[in-house]
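Quick notes on the structure that follows.
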Amino acid sequence: MRGLRPAIFESISRRRSELLTGEGVVGGRLKEVSHQQSDFERPMQQAKSSSEPATTADPAATLISVPPFDLARYLRERTGVIERQLAISIAESDGPANRLVEAMRYSLMAGGKRLRPILALAACEAVGGQIEPAIGYACALEMIHTYSLVHDDLPCMDDDDLRRGRPTNHKVFGEAIATLAGDGLLTDAFGLFARSAKAAGIPAELVVDTIAELADACGSAGMVGGQVIDLLAEGQPLTQLELEQLHSKKTGALFVASVCGGARLGGAEPAQLQALQKYARALGLAFQVTDDLLDVEQTTERLGKRSQKDHERGKATYPSILGIERSRAMAHELADHARDALAGFDGRAEPLRMLAGFAVERKL
Ligand code: GRG
């Protein structure tokens, strides 16, 4: 495989891996809120340990001396959990399907922010759940997301050569295998979730509800439907509302399924699910507006995928409708709306609050 990786791809991959481990992407504004000593597992409003001498006579001062949440560390840790589980999620095969498995693993293990699984686990914790039973669901989300990228890159769709800092799947394995690798990732995702949920003893009704929601999010009413609208709209002017409707299906629905599915597996109450749905809708749109901005403002090398492509393909985007500055303001407002939706949650929702900021501050 290495013979197929020219130097430019090696350099893109190296830079991306630095960014994804928190060395670059959480720079700037996000880094200001990250401190080495903090620990996301610690209760958010924890007072100082009784073994430490008090440094002030004001008891309230000890209550607010909580180390800020360390997002970079949190992302590194959670990415590690997901990478390890993904690596064993697709069984090696010696048979005729070996090439297919290779192609599936090629795109799945190519890095990526792993944002959807991280959101699912964060939502699970936000409602007081343990993450272990939800890890299978988190991996299924990443497999589905990866399938959508593989298919989106095909010549009959966006026709891209570069993804996650590597040549796209069809450039390496050919169109037929790339198509089937996407099919395999999508289908196996549901099998993986069903089996992991059974092994974890999750009640069947919860599993069925989660599968139904996930299938709706990726199917004709969700991601696939959104992709069709996107393809048919190429070269056409869209209103802001039409663009929002397109993205709520194409990218937003999977964010909602990630957050709500993770929360449901964590034992969420209906009112919590409602609030988290609001959070995920706002976050999903904020993510998409930011994606449009990155396409205009970042280089191909930095993104690990082709930039400036929306304009080339005649696609309506937030910057093309609203301009750069209004789009950026809109992304930040949406992140605020997402955080507002969490008003009724305690410190266990802090990762979700921080992830709303990450969705708009990210640099890839
Ligand atoms: C069903 C063929 C098919 C497509 C569905 C989601 C989608 C439509 C296509 C993906 C292409 C795309 C560029 C969508 C815009 C937003 C998006 C999903 C960006 C990529 O997601 P990130 O930034 O990627 O989370 P990483 O690589 O970090 O996982």
Side-chain angles (χ1 to χ4, degrees), residues 12-13 16-17 19-21 25 75 79 82-83 86 106-120 138-139 141-160 162-166 168-170 175 178-179 181-183 185-187 189 215 217-234 243 246-258 283-295 298 300 302-310 312-313 315-318 331 355 358-364:
I12 291 173
S13 285
R16 279 175 56 75
S17 100
L19 291 166
L20 286 164
T21 53
V25 77
L75 290 175
T79 305
I82 291 150
E83 295 288 341
L86 283 175
Y106 173 82
S107 292
L108 187 64
M109 302 314 296
K113 293 179 287 297
R114 312 307 195 190
L115 187 54
R116 293 148 192 86
I118 288 173
L119 281 165
C139 289
L141 291 165
E142 188 63 26
M143 288 166 72
I144 292 169
H145 168 57
T146 304
Y147 126 76
S148 81
L149 300 179
V150 172
H151 279 197
D152 189 63
D153 291 336
L154 287 169
C156 60
M157 303 256 177
D158 263 11
D159 193 10
D160 271 311
L162 185 68
R163 172 70 68 182
R164 292 178 164 173
R166 293 177 165 196
T168 44
N169 200 294
H170 65 273
E175 280 180 51
T179 305
D183 295 340
L185 285 165
L186 172 63
T187 315
C218 351
S220 55
M223 190 164 70
V224 175
Q227 178 78 345
V228 172
I229 300 172
D230 195 20
L231 286 174
L232 299 180
E234 269 181 25
L243 190 61
L246 185 170
H247 288 307
S248 76
K249 290 174 183 284
K250 185 178 155 181
T251 40
L254 193 58
F255 277 109
V256 173
S258 302
L283 176 135
L285 194 54
F287 175 92
Q288 184 60 54
V289 176
T290 305
D291 209 69
D292 286 357
L293 284 164
L294 290 172
D295 182 72
Q298 293 289 348
T300 295
R302 175 113 183 173
L303 289 180
K305 62 181 180 181
R306 184 160 54 96
S307 64
Q308 317 291 331
K309 67 178 179 179
D310 294 333
E312 284 165 26
R313 290 190 72 94
K315 288 195 183 195
T317 63
Y318 285 95
L355 287 165
F358 174 77
V360 297
E361 298 278 357
R362 68 200 171 94
K363 299 289 177 262
L364 81 160

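FYI, side chains are in, hydrogens and waters are out, and symmetry mates aren't considered; it's all heavy atoms of this structure. In each ligand, atom 1 is the first atom listed, and ligand 1 is the first ligand listed. This is a predicted model, so every value here is computed, not measured.
- Under 4.0 Å from ligand 1, not a single heavy atom of Asp158 appears.
- For Lys250, heavy-atom contacts with ligand 1 shorter than 4.0 Å involve the backbone as well as the side chain.
- Judged by distance alone, the side chain of Asp292 and the main-chain N or O of Thr317 form no donor-acceptor pair under 3.5 Å.
- The shortest N or O to N or O distance between Arg164 and ligand 1 is below 3.5 Å.
- Heavy-atom minimum distance, Leu108 versus Arg164: O-NH1, 4.2 Å.
- Between Asp153 and Arg306, none of the side-chain N atoms (NZ, or NE/NH1/NH2) sits under 4.0 Å from a carboxylate O, so this pair counts as no salt bridge.
- Of the options Glu142, Arg116, His145, the smallest heavy-atom separation from atom 26 (P) of ligand 1 is shown by His145.
- Taking every non-hydrogen atom of Gln288 and a distance limit under 4.0 Å, the qualifying atoms of ligand 1 come out as 15 (C), 16 (C).
- The existence of a salt bridge linking Asp158 and Lys305 is excluded, since no basic side-chain nitrogen approaches an acidic carboxylate oxygen closer than 4.0 Å.
- Residue Asp291 approaches ligand 1 through these ligand atoms, each under 4.0 Å from one of its heavy atoms: 15 (C), 16 (C), 19 (C).
- Among Thr251, Asp160, Val224, the residue whose heavy atom lies closest to atom 18 (C) of ligand 1 is Thr251.
- Between Met109 and Glu83 there is a side-chain heavy-atom pair separated by less than 4.5 Å.
- Below 3.5 Å of separation, one finds an N or O of Lys113 facing an N or O of ligand 1.
- Atom CZ in Phe358 sits 10.5 Å away from atom OG1 in Thr290 (nearest 0.5 Å).
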